[in-house]
Amino acid sequence: MIGLEKIHGNDSDDNRQFLTFRLAGEEYGVGILSVQEIRGWSAVTAIPHAPQWLLGVINLRGVVVPIIDLRVRLGFQRVETSDSTVVIILNVNARVVGVVVDAVSDVITLSGSQIKPPPSLGHHANTSHIIGFGTLDDRMRILLDVERLLAATDLAVASPILQE
Amino acid sequence: MTLDLAQFHETFFAESFEALDSMESALLKLSAGDADSELVNTIFRVAHSIKGGSATFGFSDIAAFTHTLETLLDQMRSGKRRVDATLVDTLLRSGDVMREMLGATQQKQPTDKARVAALHAEIEKIMATPAAAAALPASAHGAAPVPAAPAHTPDADARSGWRIQFAPGPKLLRHGNDPARLLRELATLGPCVVRVDAKFIPPLVDLDPEVCRFTWSIELQAPVKEAAIRSVFDWVEGECELSLEAFGAAATVPEAAPAAATASSVTPPIPHLQEEPRAAEATAVPTASVAPPAGGATTGAASTDGGSIRVGIEKIDELLNSVGELVITQSVLSQLAAPLTGHDAEELRNALGQLERHMRSLQESVMRVRMLPISVVFNRFPRLVRDLGQRLGKKIELRLLGEATELDKTVLEKIGDPLVHLVRNAIDHGIETPEARLASGKSAHGFIELNAYHKGGNVVVEVTDDGGGLRRERILAKARERGLVGPEEELSEERIFNLIFAPGFSTADVVSDVSGRGVGMDVVKRNINELGGHVQIHSSAGKGSTVRIRLPLTLAILDGQLARVGSEVYVVPIVSIVETIQVRQELVSSIGARAQVFRLRDDYLPIVRLYDLFGVEPQHTDLLDGLLMIVEADGNRVGLFVDELMSQQQVVIKSLESNFRPVVGLQGATMLGDGRVALILDIPGVIARFQSQEARRKSAQRAA
């Protein structure tokens with residue numbers, strides 16, 4: 001970590017690492033500590049009457065893991081999955097969930113001062129699942145709050161999805 | 001070295017609760033007047049280890065109470081106090097109080113001090129009354145025991161003292177025992193002259209600081225009982241050489257020898273104590289060679305508790321997961337090898353076949369790890385039957401059969417309460433009073449039998465009583481009264497008996513505090529159904545009833561029928577399937593535009609199209625092309641339309657909730673041989689979902 005401190009001239013406590021990925025032309029980042037693994041696409045089993053953004057579930061070494069289409073979740077157009085589709089397996093509060101993204105880019109380290117809080121966009125966009133915007137090398141990444149994102153996908157809500 | 005004792009608390013509580021259970025069952029086996037030495041010893045050991053543990057952890061009120069109890073037990077153990085019904089009763093209640101105190105301490109709640117004090121006083125009162133037994137003449141003129149310390153009661157005919165040789169074994173210190181503490185404790189019995197012998201201390205280079213090389217000879221100048229001295233050394237039993245020799249008056253009193261002989265037949269530790277003086281004399285070197293009899297005794301004790309270890313359930317589940325993955329990998333390998341040709345391919349397939357057999361046995365062994373004998377549940381019944389029988393003035397004999405039958409831990413945990421309920425019912429409603437029984441030509445003693453056995457991949461648990469049996473007229477009348485059954489309706493015997501599982505149903509005239517409120521049987525049935533089990537009742541008037549519960553061996557595995565709808569594969573629990581049929585046109589009738597029913601013999605069943613319900617693309621939409629699975633849940637039967645049936649297989653159930661959320665109509669998911677996830681249908685949920693969909697459709701039609 002000494003090297004990083006030198007690079008950013010900052011307290012290492014303040015440094016956070018993010019896994020960045022591409023989605024619909026933008027670059028996003030999630031906290032590296034919530035990433036369990038990255039894997040290729042494998043066929044999912046659809047859950048009846050699940051919301052649009054839930055593609056289905058897969059078998060991840062004996063654990064049933066729901067797979068979320070992050071494009072749909074963030075309001076973009078759905079893209080057909082292919083062999084090059086990447087799934088980031090996130091582990092938040094002992095809950096394992098996979099998100100489908102266009103491509104994984106890099107791991108970056110940002111200091112606190114490099115992360116700017118999200119501006120209020122009023123009614124145009126809900127920014128509650130965004131930690132902020134991180135700028136490194138003049139490029140901006142949208143940093144997602146994984147915990148909130150997954151909570152907002154209603155995964156944690158106990159009420160059964162099919163209950164009407 | 002500072003040690004955080006709190007980390008051991010949970011183990012202490014768990015072990016104490018288990019120990020109390022074994023104490024209780026030993027107490028129940030103790031019949032009046034019969035001081036079965038092994039039983040008394042078991043009880044004593046429990047009290048002793050709880051006392052020791054609670055004192056170590058600083059639970060002083062438990063320690064104080066247990067100490068008094070131990071003193072009383074010691075009198076029983078030494079044959080000074082005869083076992084009678086009142087005593088057993090007090091001891092049983094003491095067990096309860098200890099359990100409560102432990103429970104309260106565990107929960108960090110205050111203990112019920114008044115209750116403890118009352119019982120404490122009761123025990124002291126019992127001890128204050130002269131012991132009735134005359135096994136030892138000594139006790140006849142023995143002074144009244146001093147409460148809280150009667151273990152140290154001097155016998156009146158006064159042995160004037162003991163010479164004690166104490167040589168710690170090599171592991172004594174490593175096991176956390178401190179000889180100095182033992183000596184201090186010994187000194188509380190009376191004035192001691194302690195001589196230490198350091199002749200076995202090796203040169204410094206050879207000295208192992210963790211091995212105690214000192215030996216002690218102690219002259220205890222007090223006429224205490226042998227048992228009192230031995231109890232000081234209880235914790236180091238088998239880890240030291242100990243010899244006791246009485247001197248003075250005791251040595252010359254002729255009855256000392258017979259007394260010792262009596263005692264040795266009562267308590268097993270004594271034989272090795274008697275052996276030890278010889279051993280001590282023979283082996284002057286008290287180091288590595290622990291006296292053989294002592295060593296033998298320790299091994300014996302260890303082997304009786306089965307040499308078990310405590311393992312967290314999540315570790316086992318992890319193991320089970322990995323094994324499940326291995327099974328899948330193995331089947332993928334088999335599939336890959338299938339199309340290969342040539343000599344090598346044949347050998348590969350043979351090897352894979354062998355791998356498969358090994359995998360199966362590995363999977364079975366891992367499953368067995370989760371299995372526990374049903375005696376874990378049965379153990380609570382002797383007490384329950386005894387207490388309840390006493391309260392209701394009924395004489396009941398309980399017979400437990402098949403206690404070694406093994407069941408999955410989760411099933412065991414959930415079957416306890418329903419069984420308790422059934423047994424209470426059998427006692428309250430089934431078994432008649434002794435007078436009524438005699439009048440109808442039966443023995444005054446009622447019989448309740450709990451039987452567990454394996455049958456065809458299931459475990460069957462039966463609760464049988466030889467009481468009055470279910471009164472079917474009465475049940476039917478009550479059911480008509482409550483509108484559960486129409487006035488003209490005739491029911492089969494089985495359906496009448498099943499009425500008692502209806503919520504709120506009771507035929508009891510008087511609501512007792514035991515049962516009769518009509519809550520319970522519905523809960524019993526629901527709990528058992530939740531476990532994937534079935535309940536059946538057989539009863540004949542005047543002769544008694546049998547409630548038969550069929551349970552799956554485990555909740556982790558399910559017998560499933562794979563069924564395909566389009567490209568999706570679903571698992572249907574075999575328990576829910578009645579039959580599967582190919583549809584003939586003439587048996588289907590349409591009601592309105594969409595609803596269809598199917599005639600199965602005399603019944604009309606609604607048809608549930610699974611592809612419609614779950615929104616998947618089917619291969620067939622015409623009923624004649626696919627198959628209809630007749631499934632049943634909660635008395636509702638429907639025909640489930642699927643494209644085709646695939647194999648039947650046991651599947652490992654994975655929860656959807658752990659990473660997702662529960663879904664109505666699905667009870668979980670499983671992994672297929674090719675690694676894909678297949679959803680397991682929950683038939684009651686599927687039916688409920690179908691019904692609500694139909695209801696919505698109808699109201700939509702009405703609105704339109």
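Values reported hereafter were calculated over all heavy atoms of this structure, with side chains retained and with hydrogens, waters and symmetry mates removed. Chain letters run A, B, ... following the sequence lines, proteins first, then strands; residues in each count from 1.
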Quiz item: For chain B, which residues of residues 33-46 of chain A have at least one non-hydrogen atom nearer than 4.5 Å to it?
Solution: A/Thr45, A/Ala46
Quiz item: Looking at A/Val57, A/Val65, A/Leu60, which one forms a side chain to side chain contact (heavy atoms under 4.5 Å, CB included) with B/Val677?
Solution: A/Val57
Self-check item: Residues which pass side chain to side chain donor-acceptor pair (under 3.5 Å) with A/Arg78, listed by chain and number, not counting sequence neighbours
Solution: none
Self-check item: Point-to-point distance, once rounded to the nearest 0.5 Å, from CG of A/Asn59 to NZ of B/Lys654
Solution: 7.5 Å
Quiz item: Taking atom CZ of B/Arg368 as the centre, does the number of heavy atoms from other residues, nucleotides or ligands within less than 6.0 Å exceed 12?
Solution: no
Self-check item: Heavy-atom side-chain contact between B/Leu656 and A/Pro66 under 4.5 Å
Solution: no
Quiz item: Is chain A contacted by the side chain of B/Leu613, its backbone, both, or neither, given a heavy-atom distance below 4.5 Å?
Solution: backbone
Quiz item: Taking all atoms of both residues into account, what is the closest heavy-atom pair of A/Val64 and B/Ser655, and its distance?
Solution: CB-O, 4.1 Å
Self-check item: NE2 on A/His49 to CZ on B/Arg689, rounded to 0.5 Å
Solution: 4.0 Å
